[in-house]
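Here the structure comes first, spelled out in structure tokens, and everything after it is commentary.
Bear in mind that the values here come from a model prediction, so they are computed numbers and not experimental data.
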Protein chains: 2
Amino acid sequence: MKRQRVTIKDVAAQAGVSYQTVSRVLNAKGEVAEETRVRIQAAIDALEYRPSAIARSLVSQRTHVLGLLTADFSDYTHARIIEGAEMEARRRGYLAFVSGGERGPDGEPLTSPLFTQHQTEGLLIVYHGASRDQYTIFEQIPRDLPLVTIGYAPGRPGVATVGVQNVEGGRRATEHLLRLGHRRIATISGPMQMYASQERRRGYAKALQATGLDVDSALLGEGDWSSASGYRATRELLARTEFTALFVQNDRMAMGALQALREQGRRVPDEVAVVGFDDIPSTPYFDPPLTTVHQPTYELGELAARLLIDLINGQPSSADLTRLPTPLVVRRSCGAEAYRPPPSSER
Amino acid sequence: MKRQRVTIKDVAAQAGVSYQTVSRVLNAKGEVAEETRVRIQAAIDALEYRPSAIARSLVSQRTHVLGLLTADFSDYTHARIIEGAEMEARRRGYLAFVSGGERGPDGEPLTSPLFTQHQTEGLLIVYHGASRDQYTIFEQIPRDLPLVTIGYAPGRPGVATVGVQNVEGGRRATEHLLRLGHRRIATISGPMQMYASQERRRGYAKALQATGLDVDSALLGEGDWSSASGYRATRELLARTEFTALFVQNDRMAMGALQALREQGRRVPDEVAVVGFDDIPSTPYFDPPLTTVHQPTYELGELAARLLIDLINGQPSSADLTRLPTPLVVRRSCGAEAYRPPPSSER
DNA sequence: TTGTAGGCGTTATCAT
DNA sequence: ATGATAACGCCTACAA
């Protein structure tokens, strides 16, 4: 399919000047007589001329294109990060390639070679706090390609990493429960080889210890972030020990936990108080509405894109790892009083 | 930032041939002596040479790049479509630009000009059954750009449209409820100016009429697809009339509906049976697990990308509007028996 | 202020 | 079988 028929030369012919002069008005460089500028602009409009980014890139060696790599698009957290990143990129004049990158189990090829060939100027890797061994992808990425990762800083120079305050979030959730009088607080983590899981659990432990409590391993559950795993982990916990509160380290698992609790006839929050993590949009409609730790995912994406573009333009980020705050959002599942009735908006 | 230092000429020099010959082996065109081919390949490997897609595009006028435009990334349905489309595109050697396109209320510029400048070969518009007036975007798109839309066929030639069987889905949901003995069945639609809403409601009406029932306007609610709107519409319905079943036209609104029902003390499914639409992943963890109409969103994305690429390559799609099936998934909220206990997997 | 080369990395079309 | 030459659309010098 051919398109992009109109070139700078056509415009020049139409305006009766050399194509060089057209280039000048396009880039607002050098002096151009006001009169000819107007004439050229008229020609541009008439012909609906649009400069070819391709040709420009070839000579300038700049594409103004970012690559966004993610493992799972349809995960809300990832999607929001990407959404934020794309928006910020667009504001700064960048376009974004996306790809559900990661090599499949069948050895499906990585996308990054394609990115490289298309001269992507930088890469944003949106794996949500994955573990080191899942980052074999780094080997495939050119050493000098500007890179921003989410939640995990690889041992590479010149890579910026952004994330959220996982430890603080975990601590806040647990402290809240402690403050409500709970002493046997169970927790369900994501896969423990992931940094986010480790950090959130560390926050949990910190809060307990600050109150003089020990971490009881019987109260420690683990899932894989899915609702099903939250359901399972909760049933195991229930079968194994007693507890009056449960801190689930993401909202999807919390949804499964609530279901397990319901099935076992444990009323929430009266018999078991529950706190989640993420603050996904449907959280106010959980049964009961979920108290949870908010993650500013959209802002995380914006920040990541900003840092990446800065990196591309030779402005290394000041901090290696910037972490965004994770405030607690109190709803009903924790049993705290404060709750304003039916929520009315949601994105 | 400069990169992509190694060019075809470097390879040629290294292999001691003209860069022309290198091009030949790269494209497997023309005859090349086996011996020199091997030598050149060695040079390519040694130098880690990767051809520049930019330069290729300039001469070939092909970019192998698609544009994916969406209104809302973080909506699960959209995200899945994009995920499917990107995957299929990649399989066929295409890269995908994404953008949360639509012009913002502040008049923020459309992304499509940027797409155009970057020589995007085709556009996939992932608006989920939006209404005609939301498609002013079409005016901004070059007439001859291959286009695929989801759920809505604009009055343009050469545009392929894919969607799901909304009418049938609505009919199936309603029939199911009728079969369970319900006669006063309320429904909550999305915005009625959207085709998807109209179609699902038409299916609802068809099912009723086939059973000899009239559509009672008191039973007709409308929302905006959000949980909050589902909650509100349900409360209005409850205040206005009596019904024993409720067909909510997407799962997010259904979540709000369930909450409203809970708050009003109406037990689901005993007092009110509920059926949703979409089959989002969390649906098995609703309280109670939601019976809903499944939408094959990922497949929709794959299909869309396939059609788009065919269009680009001059193979117009056979049908104007391909619709994928929407089977009913029975869980607990409708009160039908069949339900296998705790779900164990989920994406 | 405006026009004339030269080149960005590649492919296509001729020669050789 | 291989090499030279001309595009592709544009920008950066440099000259006029």
Side-chain angles (χ1 to χ4, degrees), chain A residues 1-41 43-44 47-65 113-114 116-121, chain B residues 1-41 43-44 47-65 113-114 116-121:
Chain A
M1 296 289 82
K2 52 182 178 169
R3 73 191 48 276
Q4 188 82 23
R5 320 281 315 127
V6 187
T7 82
I8 200 174
K9 296 186 180 175
D10 298 319
V11 175
Q14 169 99 2
V17 295
S18 93
Y19 70 93
Q20 194 33 238
T21 311
V22 177
S23 174
R24 276 196 197 86
V25 347
L26 284 177
N27 302 291
K29 279 193 171 181
E31 301 299 301
V32 179
E34 184 54 24
E35 185 211 356
T36 53
R37 137 167 293 122
V38 171
R39 194 146 37 91
I40 289 172
Q41 190 57 52
I44 289 177
L47 268 44
E48 293 191 319
Y49 166 75
R50 297 285 173 275
S52 158
I54 303 284
R56 276 187 169 166
S57 297
L58 187 57
V59 38
S60 69
Q61 292 299 70
R62 302 251 355 210
T63 56
H64 290 270
V65 170
L114 258 192
T116 305
Q117 287 178 230
H118 281 260
Q119 225 111 303
T120 298
E121 295 192 30
Chain B
M1 297 289 84
K2 53 184 180 171
R3 68 190 52 277
Q4 188 81 23
R5 319 282 315 129
V6 188
T7 81
I8 200 172
K9 296 186 179 176
D10 299 319
V11 175
Q14 169 98 2
V17 295
S18 91
Y19 69 91
Q20 194 34 239
T21 311
V22 178
S23 174
R24 276 196 196 87
V25 346
L26 284 177
N27 301 291
K29 279 193 171 183
E31 298 300 300
V32 179
E34 184 55 23
E35 185 210 356
T36 54
R37 135 169 293 123
V38 171
R39 196 148 33 92
I40 289 171
Q41 189 57 51
I44 288 176
L47 269 42
E48 292 190 318
Y49 165 75
R50 298 284 174 274
S52 157
I54 303 282
R56 275 187 168 165
S57 297
L58 186 58
V59 37
S60 70
Q61 293 298 70
R62 302 251 356 209
T63 57
H64 291 272
V65 170
L114 259 191
T116 306
Q117 286 178 229
H118 280 262
Q119 225 109 303
T120 298
E121 296 191 27

In whole angstrom, give the distance that lies between atom [atom1] of [X] and atom [atom2] of [N].
X: Gln117(B); N: dC11(D); atom1: CD; atom2: P; result: 11 Å
X: His118(A); N: dG9(C); atom1: NE2; atom2: P; result: 17 Å
X: Ile54(A); N: dC10(D); atom1: CD1; atom2: C1'; result: 12 Å
X: Lys9(B); N: dT10(C); atom1: NZ; atom2: P; result: 9 Å
X: Arg39(B); N: dT2(D); atom1: CZ; atom2: C1'; result: 11 Å
X: Leu58(B); N: dC8(D); atom1: CG; atom2: P; result: 9 Å
X: Arg50(A); N: dG9(D); atom1: CZ; atom2: P; result: 17 Å
X: Glu31(B); N: dC14(C); atom1: CD; atom2: C1'; result: 17 Å

N/O contacts under 3.5 Å, protein versus nucleotides 12-16 of chain D?
{"unit_1": "dT12(D)", "atom_1": "OP1", "unit_2": "Lys29(A)", "atom_2": "NZ", "d": "3.3"}
{"unit_1": "dT12(D)", "atom_1": "O4", "unit_2": "Gln20(A)", "atom_2": "NE2", "d": "2.9"}

Which part of the nucleic acid, if any, lies within reach of Thr36(A) when heavy atoms closer than 4.0 Å are counted: base, sugar-phosphate only, or nothing?
->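 If one applies the 4.0 Å heavy-atom cut-off, Thr36(A) turns out to touch the sugar-phosphate alone, with no base involved.
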So what does Ser60(A) touch, heavy atoms closer than 4.0 Å: a base, only the sugar-phosphate, or nothing?
->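 No contact.
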Side-chain donor/acceptor of [X] to backbone N/O of [Y], under 3.5 Å:
X: Glu121(A); Y: His64(A); answer: yes
X: Asp10(B); Y: Thr7(B); answer: yes
X: Thr63(A); Y: Thr120(A); answer: no

Closest non-hydrogen atom pair, Pro51(B) against Gln117(A) |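 The pair with the smallest heavy-atom distance is O-CG, 3.5 Å.
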Which atom pair, heavy atoms only, marks the closest approach of Val6(B) to Tyr49(B)?
->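 Taking Val6(B) first and Tyr49(B) second, the nearest heavy atoms are O-CD1, 3.5 Å.
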Under 4.0 angstrom between [X] side-chain N/O and [N] OP1 or OP2:
X: Arg56(B); N: dT11(C); value: yes
X: Tyr49(B); N: dT10(C); value: yes
X: Ser18(B); N: dG3(D); value: yes
X: Thr21(B); N: dG3(D); value: yes
X: Thr7(A); N: dG9(D); value: no

Pair up each side-chain donor or acceptor in residues 12-20 of chain B with any protein partner under 3.5 Å, not counting sequence neighbours, and list the distances.
{"unit_1": "Ser18(B)", "atom_1": "OG", "unit_2": "Gln20(B)", "atom_2": "N", "d": "3.2"}

For the atom pair CD1 (Ile44(A)) and CD1 (Ile40(A)), what is the distance rounded to the nearest 0.5 Å?
->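 Going from the CD1 atom of Ile44(A) to the CD1 atom of Ile40(A) covers 7.0 Å.
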Quick one: CZ on Arg56(B) to NE2 on His118(A), what's the gap to the nearest 0.5 Å?
->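 So the CZ of Arg56(B) and the NE2 of His118(A) are separated by 9.0 Å.
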Please say which of Asn27(B), Val32(B), Ile8(B), Thr36(B) ends up in a side chain to side chain contact (heavy atoms under 4.5 Å, CB included) with Val22(B).
->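 Looking at Asn27(B), Val32(B), Ile8(B), Thr36(B), the match for Val22(B) under the side chain to side chain contact (heavy atoms under 4.5 Å, CB included) is Ile8(B).
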Among dT2(D), dC8(C), dG6(C), the nucleotide that comes nearest once only the side chain of Tyr19(A) is considered =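 Out of dT2(D), dC8(C), dG6(C), the nucleotide with an atom closest to Tyr19(A)'s side chain is dG6(C).
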Using five pairs at either end of the helix from dT1(C)-dA16(D) to dT16(C)-dA1(D), determine the angle between the two local helix axes and round it to 10 degrees.
->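 If I round to tens, the end axes sit 50° apart.
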